[in-house]
Amino acid sequence: MEYNHQSLEKKWQKFWADNGTFMPEKTTDKPKYYVLDMFPYPSGAGLHVGHPLGYIASDIFSRYKRLKGYNVLHPMGYDSFGLPAEQYAIQTGQHPAVTTEVNIKRYREQLDNIGFSYDWSREVRTSEPQYYKWTQWIFMQLFNAWYNNRTDKAESINTLIDHFNNFGTQGVEAVSDEDILTFSADEWKAFTEEDKQRELLKYRLAYLRESTVNWCAALGTVLANDEVINGVSERGGYPVEQKKMMQWSMRITAYADRLLRGLETIDWPEPLVEMQRNWIGKSVGASVKFPVPQIDKEIEVFTTRVDTIFGVSFIVLAPEHEWVDLLTTDAQRAEVDAYREKTAKKSELDRMADAKTVSGVFTGAYAKHPLTGEDVQIWIADYVLAGYGTGAVMAVPSGDQRDYLFAKHFGLPIIRISDTQQIEEAADPNKDGRYINSGFINGLTYDEAVAAVIKRLEEMKLGKAKVNFRMRDAIFGRQRYWGEPVPVYFKNGLPYLIEEDELPLMLPEIDKYLPTETGEPPLGRAGDWKYQGQYEYELSTMPGWAGSSWYWFRYMDPKNTEAFASKEAVDYWKAVDLYIGGSEHATGHLLYSRFWNKVLKDLGYHNEEEPFKKLINQGMIQGRSNFVYRVLDEEGKGTNTFVSLGLKDQYKTIPLHVDVNIVHNDILDTEKFKAFRPDFANAEFVLENGRYVCGTEVEKMSKSKFNVVNPDDIIATYGADTLRLYEMFLGPLEQAKPWNTNGIEGVYKFLRKLWRLFHDASGNFIVSDEEPTKAEYKALHKIIKKVEEDIERFSFNTSVSAFMICVNELSELKCNKRKILQELIITLHPYAPHITEELWSLLGNPAGTISYASYPAFNPAHLVESEFAYPVSVNGKMKMNLPLALDLDAKAVEAIVLENNDVQRFLDGKAVKKIIFVKGKIINIVV
RNA sequence: GCCUAGGUGGUGGAACUGGUAGACACGCAGGACUUAAAAUCCUGUUCCUGUUAAAGGAGUGCGGGUUCGAUUCCCGCCCUAGGUACCA
């Protein structure tokens, strides 16, 4: 029988599914290993050839780990709540659940074709009530938790209530809103129930707060920052304005420091770690208070350069700062109001675009410099952001370029504060000099100055060392239909959780998926949807990241109805050992998941500080478009003639995308081209060397560019094993690369060669029981060693090459020995599972047992050669080959080399200074 | 601007801790088998000089440095990709 990938692959895929081959063992003393892929959103377009790249890599690793004796968990599921299905529902009225179901079916078929070793009995879908029940349950845990800075972890809200009952706010160190009240235990007890709830909300990890959002009135919804482009909505191009709304938020800022520290304990790619670090944005500095006698308050600013405090010549507030009204003098009021109105209209993007123009207004008010007591003007300007720090800065024009430009523009003083500072052209932030014009820190160095200033400010109670984070709390609500309902109802305007045994709170059916006429979210259309028939439910749903922030736990115990996963399952599987996915989730999913994981740990549900021990980013596979060149006539109109790439410069042409699937190695199939579109039916071609060569370009893979390659088509022609090997062969896993089918023949040839090696001319399996020769063992053990090393360091592309070399060598030796094949196919199995299963059973092994065979042991003895020749250089220049016996020590080798006539000739009588050995071999002789 | 990764033949890429640069594959050229095609097999393929060959020279973005020896380490610069930005 010839290598028939089609029947062979179907057969084994069915066998694996029927026999549950990839379900982890229930009771075992094997060590566990958890390999996870980022689960996909099942879009309507199906999978293209780029999607499975990471899945193939994780599958290779899973199968390898299984062969290495691990109990492997390797599950797959769907992140099935999402915008496209909802958008489709709005247009067609089709329920998103229906579209989602159809798409999932398609995804599953495509995934099955590739022969993955997923345990499908553990599949999860975030949009199913049995799943989102637990997403809602986790929301409840967050609502019922506060962050205790004293224990540095989240605790049940009850511990806070107890504290209030006993001591009031005395001694509470919590992460909370800024406007918390201070009260005694008695005062707390005297609060009404509603006052208590209102106050507790300021501490909860899931809380309701008024926040500024991108509101798109035309779409009736809030948009995320990346859904707003140049001030209009990405979808539809409607205007977007800044609006204050009550929004659910997650107090992720409480975890800023732990999220940062945790990065040092996990094995993630450096760029990704760096992105999270920047996102969290820790900056170490000080907060300083500038008294404003006029209103009897102190303006607090944050600075990373407290040492420059004597260079302060004015204070700038964000236009939104809450005291602007209070501070503004009557003389300045009109100007201030006009400026504030102008900035309010600007979106954040406009503000960024305007970054280069200096603007601002004097409030008329003055603050006292805390150290000099001098008056400093208070200005407002939009280069100060309300959301960062305190929304106010101390301006040091000599040290900060923005302050410098502002001072120049408005004629404010610029104070030189260091003897090395050069401030004629621009601000100079250097820390090298000694301070001048700086009171008691004159003459000090940077480090001394920082300490001295902070000490003085602390004594005066006007400042202290402080750490600031760029990260904000995460908004946790969308005015959409297709998401998890928030398990909350409102009584007297305050949120309360529904009872736990009422979960899941089902997503109600509605007639249309648009916002209501009164501007409520779509859930407002579910008229009689009320808690206990009377209380209004929360109408916004959870954001896309909710369901994906804990899904790895659900795979551990997907059918559990009593808990998100049982204690035993969580204790056994612990955390994900290897996680593979794209870097686009760096500051979204991967950060939120770490956050929820830490909360659940703090609340005692598991013991892992970090959810994903090792992470690999697979590079994006881009499209590679092909072009034909249509010749234009005198008037610049397209003719029916197409010219080959090499000759196109002799004509006036226009490039047209052509379907990559009718192009082979960049040569156009002209017959298929004629059938490609009706108006090409009579196409004529100007060929070079009898062929039509197409142009190429790397672009995003998309239907409109005719460069989408469907894995199903590749599998139909070459088989899943070829696809898997080829995707790995394409280049390093982590690197972005364009898909190019050109080289796939080479991989396909390799598999056929392997097959033919163990089949005779008439296609019968034929294997010899003879003892393998030295050379055969060498070929085998080289590959055993190489593949093991490669897989451990995720260098899958070089393994594929090594397999080709191995089979070439065995072919040359005409080796069809049983002992060689048996071990070779185990090493190949993770990459090409189907063909190896087939050969495994042809060898007479029970079907399906290869997955649990043991990985062949590498024996270095097989790589040792007794006779070999290798090059030796003299003074680094290549000179000669020396034949040598190996089993000698360095001294003996040295002696032989020096007596060798060739060597003597090369040395030409010069004295030997040094002989360089590498791994027991002489590499170089220095004379 | 800042941060991170990278720059090697016609192409994808290999060279793991400094040790024969270009493995392996594609493509291309030539050949064998065949009536022919497909499939398969063999040979060559970094560039330059050299009639073939023998041989020699150059060569891993550019310029320096360390070293017996540098794609690999160090310094300066150029370019590409990704991230990020009035963050005080």
Side-chain angles (χ1 to χ4, degrees), chain A residues 2 269-279 281-283 285 301-306 308 316 351-358 381-385 387-396 399-403 405-406 429 468-471 583-584 586-587 617 619-620 624 665-667 689 696 725-726 729-732 734-747 749-750 752-753 756 786 789-790 792-793 795 797-806 808 811 870-879 881 913-919 921-927:
Chain A
E2 254 298 296
E270 196 48 42
L272 207 125
V273 169
E274 205 53 38
M275 270 189 244
Q276 289 214 346
R277 238 180 237 139
N278 290 339
W279 187 262
K282 180 175 182 171
S283 43
V301 303
F302 175 75
T303 176
T304 51
R305 290 297 302 275
V306 72
T308 64
V316 190
R351 241 165 111 157
M352 277 193 279
D354 281 353
K356 298 224 162 50
T357 34
V358 177
D382 65 3
Y383 80 89
V384 176
L385 305 176
Y388 182 76
T390 58
V393 302
M394 57 178 223
V396 184
D400 183 289
Q401 186 59 19
R402 291 157 299 172
D403 298 343
L405 291 174
F406 197 86
N468 223 342
F469 293 96
R470 196 182 77 101
M471 186 169 66
S583 60
E584 66 272 22
T587 53
N617 283 134
M620 239 236 307
R624 184 175 182 275
N665 284 333
D666 297 332
I667 306 299
N689 303 326
T696 63
L725 282 162
Y726 186 59
F729 183 71
L730 220 44
E734 308 202 47
Q735 185 179 304
K737 53 213 166 239
W739 175 264
N740 181 352
T741 313
N742 286 356
I744 200 166
E745 302 275 354
V747 171
K749 263 187 222 165
F750 152 71
R752 281 188 298 182
K753 209 168 187 175
R756 267 201 320 273
K786 171 81 175 148
E789 285 169 0
D790 283 353
E792 295 285 353
R793 64 189 173 107
S795 175
N797 54 330
T798 52
S799 279
V800 180
S801 293
F803 279 122
M804 291 181 185
I805 295 169
C806 177
N808 281 342
S811 278
Y870 72 90
V872 169
S873 54
V874 175
N875 280 350
K877 290 274 174 197
M878 263 313 305
K879 289 296 181 190
N881 285 320
K913 277 191 201 147
K914 196 158 76 169
I915 294 186
I916 318 268
F917 285 86
V918 173
K919 292 174 198 156
K921 283 191 347 186
I922 291 182
I923 287 291
N924 189 28
I925 301 171
V926 185
V927 295

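Below, chains carry the letters A, B, ... as their sequence lines are ordered, and counting in each starts from 1. Hydrogens, waters and symmetry mates play no part in the numbers below; they use all other heavy atoms, side chains included. Model, not experiment: these values are computed from the prediction.
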Nearest heavy-atom neighbours spanning [X] and [Y]:
X: A/Gly389; Y: A/Asn468; answer: CA-ND2, 3.3 Å
X: A/Val396; Y: A/Asp403; answer: N-OD2, 2.9 Å
X: A/Lys737; Y: A/Gly731; answer: NZ-O, 3.9 Å
X: A/Asn742; Y: A/Asp666; answer: ND2-OD2, 3.7 Å
X: A/Trp739; Y: A/Arg624; answer: O-CB, 3.1 Å
X: A/Val316; Y: A/Val384; answer: CG1-CG2, 3.6 Å

Taking the minimum atom-to-atom distance to the side chain of [X], which one of [options] wins?
X: A/Asn797; options: B/A88, B/C16, B/G13; value: B/G13
X: A/Leu385; options: B/A88, B/A15, B/C24; value: B/A88
X: A/Arg752; options: B/A88, B/C41, B/A39; value: B/A39
X: A/Asn808; options: B/C41, B/C86, B/A25; value: B/A25
X: A/Ile805; options: B/A88, B/A23, B/U40; value: B/A23

Send over the distance from [X] [atom1] to [N] [atom2], rounded to a whole Å.
X: A/Met620; N: B/G82; atom1: CE; atom2: P; answer: 8 Å
X: A/Trp279; N: B/G82; atom1: CH2; atom2: P; answer: 18 Å
X: A/Asp382; N: B/C86; atom1: CG; atom2: P; answer: 11 Å
X: A/Leu725; N: B/C24; atom1: CG; atom2: C1'; answer: 13 Å
X: A/Arg402; N: B/A85; atom1: CZ; atom2: C1'; answer: 10 Å

Checking all strands, does [X] fall into the base, sugar-phosphate, or nothing category for heavy-atom contacts under 4.0 angstrom?
X: A/Asp403; value: nothing
X: A/Lys753; value: sugar-phosphate
X: A/Asp790; value: nothing

Tell me whether B/G76 sits syn or anti, counting syn as a glycosidic angle within 90° of 0.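 Because its glycosidic torsion lies more than 90° from 0, B/G76 adopts the anti conformation.
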Might you list the N or O atoms of the protein lying below 3.5 Å from N or O atoms in nucleotides 26-34 of chain B, with each pair's distance?
residue	atom	partner	partner atom	Å
B/C26	OP1	A/Lys749	NZ	3.1
B/C26	O2'	A/Asn742	O	3.4
B/G27	OP1	A/Asn665	ND2	3.0
B/C28	OP1	A/Arg691	NH1	3.1

May I ask you to verify if any side-chain N or O of [X] is less than 4.0 angstrom from the OP1 or OP2 atom of [N]?
X: A/Arg470; N: B/U84; result: no
X: A/Arg305; N: B/A88; result: no
X: A/Tyr383; N: B/A88; result: no

Report yes or no: does A/Arg305 contribute a side-chain atom to a donor-acceptor pair with the main-chain N or O of A/Asp400 at less than 3.5 Å?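 Judged by distance alone, no pair lies under 3.5 Å.
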Toward the 5' end of RNA chain B, which comes first, A/Met275 or A/Tyr388, by nearest nucleotide?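 Closest to the 5' end, via its nearest nucleotide, is A/Met275.
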Of A/Lys786 and A/Thr303, whose closest RNA chain B nucleotide lies nearer the 5' terminus?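 Going by which nucleotide is closer to the 5' end, it is A/Lys786.
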Can you give the dot-bracket line for RNA chain B, where a pair is Watson-Crick or G-U wobble with both atom distances under 3.5 Å, crossing pairs use [ ], and | marks a partner on another strand? (((((((..(((......[....)))((((((.......))))))((((.....))))..(((((..]....))))))))))))....
Rounded to whole angstrom, note down the [atom1] distance from [N] over to [M].
N: B/U20; M: B/U11; atom1: P; value: 24 Å
N: B/G22; M: B/U40; atom1: P; value: 27 Å
N: B/C24; M: B/G82; atom1: P; value: 33 Å
N: B/U72; M: B/U66; atom1: P; value: 15 Å
N: B/U67; M: B/U4; atom1: P; value: 29 Å
N: B/C62; M: B/G10; atom1: P; value: 14 Å
N: B/A58; M: B/G69; atom1: P; value: 15 Å
N: B/U52; M: B/A14; atom1: C1'; value: 32 Å

side-chain hydrogen bond (donor to acceptor under 3.5 Å, both in side chains) against [X], all qualifying residues, sequence neighbours excluded:
X: A/Asn808; answer: A/Lys753
X: A/Ser283; answer: A/Tyr388
X: A/Thr798; answer: A/Asp790, A/Ser795

Not counting sequence neighbours, which residues clear side-chain contact (heavy atoms from CB on, under 4.5 Å) with [X]? List them please.
X: A/Arg277; value: A/Leu260, A/Leu263, A/Glu270, A/Val273, A/Glu274
X: A/Ala586; value: A/Leu272, A/Met275
X: A/Pro271; value: A/Pro269

A/Phe406: partners by ring-ring contact (aromatic ring centres under 6.0 Å, His included), with sequence neighbours left out: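 Here the qualifying residues are A/Phe314, A/Trp379, A/Tyr383, A/Phe410.
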List in chain and number order the residues that pass ring-ring contact (aromatic ring centres under 6.0 Å, His included) with A/Phe729, two or more places apart in sequence or in another chain; answer none if no residue qualifies.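 ring-ring contact (aromatic ring centres under 6.0 Å, His included) check on A/Phe729 returns nothing, list empty.
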Polar atom pairs (N or O), protein with nucleotides 9-12 of chain B, under 3.5 Å:
residue	atom	partner	partner atom	Å
B/G12	O2'	A/Leu730	O	2.7

Measuring from A/Phe750:CZ to A/Cys806:SG, what's the distance to the nearest 0.5 Å?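 It comes to 8.0 Å.
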Contacts under 3.5 Å, N or O only, protein and nucleotides 2-5 of chain B:
residue	atom	partner	partner atom	Å
B/C3	O2'	A/Glu274	OE2	3.3

